**Q** 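Below you will find the structure I want to go over with you.
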Amino acid sequence: MKELPKKYDHHKVEEGKYEFWLDGGYFKSGDKTKEPYTIVIPPPNVTGKLHLGHAWDNTLQDMIIRRKRMQGYDALYLPGMDHAGIATQAKIDEKLRSQGIFRHELGREKFLEIAWDWKKEYAGHIREQWKALGVSVDYDKERFTLDEGLNKAVTEVFIHLYEKGLIYRGERIINWDVEAKTALSNIEVDHKEVQGAFYYFKYELEDGSGFLEIATTRPETMYGDTALMVHPEDDRYHEYVGKRAYIPGTDRLIPVIYDDYVDMDFGTGCVKVTPAHDPNDFEVGQRHDLPMPLCMNEDGTMNHLAHKYEGMDRFACRKACVKDLQEAGLCTKIEQITHNVGHSQRTGVVVEPRLSKQWFVKMEPLSKQAVEKSTVQFVPARFEKTFLHWMDGTFDWCISRQLWWGHRIPAWYKGDDVHVGYDAPEGDGWKQDEDVLDTWFSSALWPFSTLGWPDDTDDLKRYYPTTTMVTGYDIIFFWVARMIFQALEFTGESPFEYCLIHGLIRDADGRKMSKSLGNGVDPMDIKEEYGMDTLRYFLTTNSAPGMDLRFEIEKVESSWNFINKLWNISRFTLMNLGDFTIDDVEIDTDDLTLSDRWILARLYETINETDYNYEKFEFGEAAKSVHSFSWDDFASWYVEVSKIALQSDDEATVKRTKSILAYVLLDIMKLLHPFMPFVTEEIYQQLPHIEDSIMISPWPDAIEEFEDAQAIQDFARIQDIIKAIRNVRAEYNVAPAKPIHIVLKVTDPHAQSVLQENLAILERFTYPEAIEFVTEYSSDNELVSIILKDVEIILPLGDLVDIAQEIARLEGELRRLEGEIKRCEGMLKNPNFVSKAPDFKVQQERDKLAAYNEQHATTKARLAELK
RNA sequence: GGAGUCAUAGCUCAGCGGGAGAGCACCUGCUUCACAGGCAGGGGGUCGGGGGUUCGAAUCCCUCUGACUCCACCA
């Protein structure tokens, strides 16, 4: 006889399972006889450990792929990692700095050697964590964004877009990260509201005729000013246009010009123009052919244009020059304001708009194509709007980064000549661009570059386009959108059929989990304490698609409790199966008791509901069906009922019951395997089974022969009677196991036979002294009577019965029934309802009304007797 | 300034066109031979306010209020 330990021990259960699966080769894809189903992992950065967000993301992917594998697909879950340019380089820099080493002292080559070592180390950590999560990824297909193959894809894409005129190099105002000393794209900048000020300055006119006053939030940029501008229709300023004014505190003169960009009603109506440090001013500068001097260095310190402030940090300079100009009477007013300021997503520093020569992707043709041709189905659908909305208004994408860790831009320069290609052109003197590409440039190709593109590989043909992408809404712009337009451009197809979007993980107080708040939760800590199955179940059942997930330890505990429940129903089953084998499992649908038919009918319904919700990616709903089936139906009722049959002397009865226990439990395990792979594997191994692993066992079938509405209805009658009796026992404080006399007044012949055939069940649950069936029962005040449909339960409780209480209860019941009757009649009297509502609905109401009327009459009669 | 989300039981959330649900918390009984992290019973909600569509609305539409998120170069 097999026996499981009394308590579910997640440590023991999870130990060795992953190795077992790996050894079995179950994660491998490639069975050509099957239809492919592909998910590529969103590649984690090789910067650190996986957090709860990854655990969520990866569990969702793994659930989908495990189910599809069981359903007979050639399931490919392709793993990989992202080099994460800025993030990784920043971390390596930091580590080097702590050792007193600076990147530039090392040189590019040496630095890259260190970076690759770093990658190797972190890739190892990440694989360890995938293992802990239990994700069934095919390691034979693992990729890294800086792999040779992917590098080839990146280069190919760059060259193609360049030749098509969709990649260009130009001087633009870009977002400059003064700490990382690199350009950023627009979406790598987070706008945050901060306290700032409007500083008013006097620009004195050259001819001594007075001054012009401007307001600015960034005084330090005045050293890059090359003009003042006013609106052409602004009467206040006509006389000044054409004159020249001094940049305050300097002897540099700048012209006063007209430009209709100016908003006359804002500020003073006069604006300083700093073409090298502001995107709008840059355009003004171009229109008026103004000089565009930078007044800052790459690290955010001021340059020689700031004369005495040279070398000072931009914010220190702001403070200093404001103070000096105040003293000189040239700063007239300071207004405190709150305004939005761009911060680098990576380093957090205030981004400096800066004129700089960079590479850009021309977005308009690509986004137009994406909007028109994308066939990706977002789940939930509303995220398609998010995607389209962004595609609609996106700016050209700055793709060059002043870093070393990344794909080096395939461009070579010699004087003014530029060559874009795989290799440098023939001849001496060509120098390759020092910069690398934005990390997202390579991530955008991930769904096809990982499968071998640009070569027309077997994998690409077989697994591309991929089936489902799972990711958070926070990277729709960064990644999803770019994958879509690049895929359409280069493969002519959308990169995936479905895109399942999930939200963010928040702490118990609803705050975003972040390093700075220190409120992050390490999935490995949860694994240690509750087990990964618990964490997975928690993560995938506590929010709807696209919604955020609040991390609450109480819910993790309740997930553990559910698994412990499953453990115990398995324990019960195994204790009773004895040496029962898979060959002994036999279900003859012509030879079943009501409870057997009922549990199988419920199983049938549960499989259908679960499948329906799995297909819609509604995992919370899918789990809800299995949860209530296994706990409320199987554990609370069938297991109890089976105890009767298992004690029978009749061998066939015992065998039938064991078969059903084993069969139903096995299906429960399979339905839950995608949620909790470890414990379901453990239990599967103990139960009679065929395949070597639950992972490769077939997904449960909803067998139509099991569908049985009559059984569900009949069993519900039994349950109702039992519940009613339990209820009375509680209400009258009758000890649960104290034997009581039960009289059932049944007139309906079908009800009569159902109850009589299942008398043992009634006895099992109600602890009767005797159960008596009657068609008439003489009035007696010392009894409690519960009136159900077709059945009246009479409990002669003698002294325990309180007539007044009983009258009150029955009157309450009467009121309830009257309410119901009124409702039914109201609906049925409404001609519109009868004519417009579906027939089955109308019939349903009629049936209910009949039943209520009958119950009402019986209750009223009983009440009359009492009075 | 645009776009979107949320408002349902004390808490956290499902449900999203046909009679209000779960988990946790709370109250009352239980050492019932799988489980006391369990079993049985119970209390608790005019489903944010107001309109509309519909035979029927928590569910669809409009509007208001409150919370949040993303996008956006007004100095």
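A, B, ... follow the sequence lines: proteins, then strands. Residue 1 opens every chain. Just so it is clear, the values below take in all heavy atoms, side chains as well, and ignore hydrogens, waters and symmetry mates. Just so it is clear, the model here is predicted, and its values are computed rather than measured.
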**Q** Polar atoms only, N or O, under 3.5 Å: list the protein pairs with nucleotides 39-45 of chain B and their distances.
**A**
residue: C39(B); atom: OP1; partner: K565(A); partner atom: NZ; Å: 3.0
residue: C39(B); atom: OP1; partner: W631(A); partner atom: NE1; Å: 2.7
residue: A40(B); atom: O3'; partner: R726(A); partner atom: NH1; Å: 3.4
residue: G42(B); atom: OP1; partner: N727(A); partner atom: ND2; Å: 2.9

**Q** Relative to each other, are the rings of F383(A) and Y473(A) parallel, tilted or perpendicular (30° and 60° limits)?
**A**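 Judged by the thresholds at 30° and 60°, the geometry between F383(A) and Y473(A) is parallel.
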**Q** Rounding to an integer number of angstrom, what distance separates C73(B) and C62(B) when you compare their P atoms?
**A**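 Each nucleotide's P atom is 29 Å from the other's.
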**Q** For the P atoms, the ones on A20(B) and on A36(B), what distance do you get once it is rounded to whole angstrom?
**A**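 One P to the other, the span is 36 Å.
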**Q** Using distance alone, with no hydrogens and no angle criterion, decide if Y200(A) and E335(A) have a side-chain donor and acceptor under 3.5 Å apart.
**A**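 Distance-only check passes for Y200(A) and E335(A).
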**Q** For a ring pair (Phe, Tyr, Trp, His ring centres under 6.0 Å) with F538(A), tell me which candidate from W56(A), Y530(A), F551(A) qualifies.
**A**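 Testing each of W56(A), Y530(A), F551(A) against F538(A), the sole residue satisfying ring pair (Phe, Tyr, Trp, His ring centres under 6.0 Å) is F551(A).
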**Q** Please give the distance between the C1' atoms of G17(B) and A58(B) as a whole number of Å.
**A**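 Their C1' atoms lie roughly 10 Å apart.
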**Q** Mind checking who G41(B) pairs with, Watson-Crick or G-U wobble, both distances under 3.5 Å?
**A**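 With both distances under 3.5 Å, G41(B) matches C27(B).
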**Q** Residues from residues 331-345 of chain A sitting under 4.0 Å of RNA chain B, heavy atoms only?
**A**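 Within residues 331-345 of chain A, the residues near RNA chain B are N340(A).
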**Q** Would you mind pulling out the nucleotide paired to C68(B), Watson-Crick or G-U wobble, both distances under 3.5 Å?
**A**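 For C68(B), the partner nucleotide comes out as G4(B), under the 3.5 Å rule.
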**Q** Could you identify the nucleotide paired to C16(B), looking across every strand shown and requiring Watson-Crick or G-U wobble geometry with both distances under 3.5 Å?
**A**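 Checking every strand shown, C16(B) finds no partner, since no pair has both distances under 3.5 Å.
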**Q** Could you measure between the two P atoms, the one in G10(B) and the one in G44(B), and give it in whole Å?
**A**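 So the two P atoms sit 11 Å from each other.
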**Q** Compute the ring centroids of Y258(A) and Y237(A), then answer whether they are less than 6.0 Å apart.
**A**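 They do not qualify: ring centres at least 6.0 Å apart.
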**Q** Scan nucleotides 51-62 of chain B nucleotide by nucleotide, 5' to 3', and note B when protein non-hydrogen atoms come under 4.0 Å of the base, S if they reach only the sugar-phosphate, - if neither.
**A** ----B-------
**Q** For the residue pair Y614(A) and F675(A), is the inter-centroid distance of their aromatic rings smaller than 6.0 Å?
**A**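 Close enough - the centres of the two rings lie under 6.0 Å apart.
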**Q** Side chains of E528(A) and H11(A): is there a donor and an acceptor less than 3.5 Å apart?
**A**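 Side-chain D/A pair, E528(A) to H11(A): present.
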**Q** Suppose you measure atom C1' in G48(B) against the same atom in G43(B); what distance do you get, rounded to whole Å?
**A**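 Rounded to whole Å, the distance is 24 Å.
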